[in-house]
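One structure follows; several queries about it will come next.
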There are 2 protein chains.
Amino acid sequence: MVIYMILNAEKKSLTRSDKRADRTRKKLEAAALEVFTEYGLDATTIEDITQRADLGKGTFYRHFKDKEEIATFLVDLSIDELLERLRSTNKHITTLYEALEHLLDAHYKFFLEEYEKFILLFQGRLLVKLERRISEKMEGPYDRYLRELEKILSPFVGEKIDPMKIRRLACAVAGFVFGFFSFAMIGMEMEQVESSIQPLRQNFVRSLSSFLGQLPENNKEEKKSNNF
Amino acid sequence: MVIYMILNAEKKSLTRSDKRADRTRKKLEAAALEVFTEYGLDATTIEDITQRADLGKGTFYRHFKDKEEIATFLVDLSIDELLERLRSTNKHITTLYEALEHLLDAHYKFFLEEYEKFILLFQGRLLVKLERRISEKMEGPYDRYLRELEKILSPFVGEKIDPMKIRRLACAVAGFVFGFFSFAMIGMEMEQVESSIQPLRQNFVRSLSSFLGQLPENNKEEKKSNNF
DNA sequence: CATATAAATGACCATATAGTCATATCTGAC
DNA sequence: GTCAGATATGACTATATGGTCATTTATATG
């Protein structure tokens with residue numbers, strides 16, 4: 001215990017109060033993510049959050065201005081995490097085919113490992129275009145997301161870059177990925193979704209390659225396997 | 001006026017009261033569709049609806065039990081309309097390529113001509129898998145939708161039909177189509193979306209063909225045009 | 001240990017919304 | 001024209017939720 005405190009002593013010299021506040025805030029974030037996923041962003045009340053976090057209602061307002069603030073924060077956080085997955089890879093990517101494969105994998109793992117964040121992003125995405133009384137602040141994260149996709153794809157599209165074209169492609173990829181998972185959630189059980197991804201993988205990438213007008217350079221591992 | 005009444009006389013002998021009630025109900029439906037699209041399903045209140053319809057609040061409850069009932073009704077109606085578009089075509093469809101082309105066109109026109117219904121479906125869709133306090137009744141329509149897609153696609157997938165595979169494909173197609181439009185709405189202006197569809201069309205269909213493991217039988221109109 | 005500061009609390013108030021119902025308006029039959 | 005039945009209305013009640021704040025509990029300091 002003492003050791004722990006010493007080790008953390010130089011860690012920005014957080015007082016015990018600060019750490020308590022941090023813990024509380026984290027509890028609120030975790031609880032909010034849970035209930036947002038369960039009830040939906042709109043249907044969730046502040047008390048849903050504080051009850052789930054096992055905290056008093058007033059506590060919420062010490063940490064967030066209102067529901068929108070915490071929702072925006074979580075959407076932003078989730079996008080950050082997804083972008084981090086999109087950016088980082090150990091493999092060196094040289095072809096469009098590899099790039100798409102990586103994109104698919106990253107999204108898929110995000111969907112599996114951060115299911116709640118996926119659902120949250122899905123919800124937030126919708127809200128963006130509704131002329132709501134609240135929330136224009138949510139547009140930013142999705143723009144960042146689309147721009148990251150553009151950045152990853154553009155090196156492989158060659159030719160002079162028409163921003164409009166790249167944007168279309170990014171929308172297509174994002175739509176494809178998010179759309180598939182979201183409909184799969186309706187039409188299948190979770191295990192079925194999981195067992196579908198592997199066989200879908202090649203077709204998925206091939207179809208996106210085709211979408212980009214480039215067929216994968218005859219990779220041996222599949223001829224006409226068509227094993228979706 | 002008299003003529004009108006005579007013409008309509010045999011039309012189920014609707015009394016003027018009946019017609020008044022029908023008109024009122026239609027007004028409510030139209031108003032609800034509008035405000036659902038603007039504010040979102042959850043954020044919309046009953047008074048939003050009646051005000052938009054220029055009717056008293058109590059009137060709403062003479063026609064619908066609650067918000068969920070009218071929402072469910074509208075979702076169902078919208079799915080019906082989309083399915084009708086998917087089913088009906090003057091062209092005789094013999095290849096997968098044609099089938100996909102038709103599917104894309106039908107969805108695209110629905111998106112353009114019934115924008116509000118598209119948004120509504122998109123919202124309702126989202127609600128489905130949330131463990132919500134309300135609404136499991138909304139799941140049905142989307143299941144019908146997926147099943148219709150399966151029905152349209154299955155003749156072209158050949159082989160012994162594994163229902164699971166067909167279901168995957170339906171999810172992929174639905175996800176692709178809905179997903180693209182939804183992200184396009186974020187990333188582009190409406191006119192840009194419109195002007196994107198035409199050039200995207202071929203790539204769209206080709207990519208879906210590829211997704212299904214079948215390439216389009218070398219149609220002449222495009223070699224390597226790649227004009228997305 | 002005593003005192004001061006920060007964090008957490010939940011009772012409390014104000015407001016918004018769902019849903020009701022007595023009343024008013026419109027319609028149909030005679 | 002009049003009466004009965006159907007439809008529409010909006011003031012009203014009950015409830016739920018957002019947001020506040022005086023009080024309590026935990027932490028820091030000397």
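Nothing here was measured: the structure is a model prediction, and the numbers come from that model. Atoms considered below: every heavy atom in the structure, side chains included; atoms not considered: hydrogens, waters and symmetry mates.
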Give a yes/no answer on whether the side chain of B:His63 brings an N or O atom under 4.0 Å of OP1 or OP2 in D:dA8. yes
Rounding to a whole Å, what distance do you find between A:Asp22:CG and C:dA7:P? 10 Å
Between P on C:dG10 and CD on A:Glu47, what's the gap in Å once rounded to a whole number? 11 Å
Taking for B:Asp66 and for A:Gly56 the nucleotide of DNA chain C with the nearest heavy atom, the one nearer the 5' end belongs to A:Gly56
What's the closest nucleotide to the A:Arg62 side chain, out of C:dA18, C:dA7, D:dT7? C:dA7
Regarding the side chain of A:Thr24, the nearest nucleotide among C:dT25, C:dT17, C:dA8 is C:dA8
With a 3.5 Å distance limit and no angle check, can you tell me whether B:Lys67 reaches the backbone of B:Leu41 through a side-chain donor-acceptor pair? yes
Of all the nucleotides listed (D:dG19, C:dA7, C:dG19), which has the minimum atom distance to the side chain of B:Lys57? C:dG19
Would you say the side-chain atoms of A:Thr72 pair up with the backbone N or O of A:Glu68, donor to acceptor, closer than 3.5 Å? yes
Charged N to carboxylate O below 4.0 Å: is that the case for B:Arg25 and B:Glu29? yes
Return the value, rounded to whole Å, for the distance between atom CZ of A:Phe60 and atom C1' of D:dG18. 10 Å
Candidate nucleotides C:dT9, C:dC26, D:dT9, ranked by approach to the side chain of A:Thr59 - the nearest: C:dT9
What contact category does A:Ser17 fall into here, base, sugar-phosphate, or nothing, at under 4.0 angstrom with non-hydrogen atoms? sugar-phosphate
Whether B:Phe183 and A:Tyr145 hold their rings parallel, tilted or perpendicular, with breakpoints at 30° and 60°: tilted
Kindly point out which of D:dT9, C:dT25, C:dT20 is positioned nearest to the side chain of B:Tyr61? C:dT20
Between C:dA7, C:dA18, C:dG28, which nucleotide has the shortest distance from any of its atoms to the side chain of B:Ile46? C:dA18
For atom CG of A:Asp42 and atom C1' of C:dT17, their distance in whole Å: 15 Å
A:Phe64 CZ - C:dA7 P separation (whole Å): 14 Å
Between CD1 of B:Ile70 and P of C:dG19 the distance, given in whole Å, is 13 Å
Given atom OH of A:Tyr39 and atom P of D:dT17, what is their separation to the nearest angstrom? 11 Å
Euclidean distance, atom CZ of residue A:Arg16 to atom P of D:dA28 [Å, nearest integer]: 5 Å
Start at the 5' end of DNA chain C and walk down; is the nucleotide closest to B:Asp18 or to B:Gly58 reached first? B:Gly58
Check whether B:Lys91 reaches the backbone of B:His102 with its side chain - one donor and one acceptor, N or O, closer than 3.5 Å. no
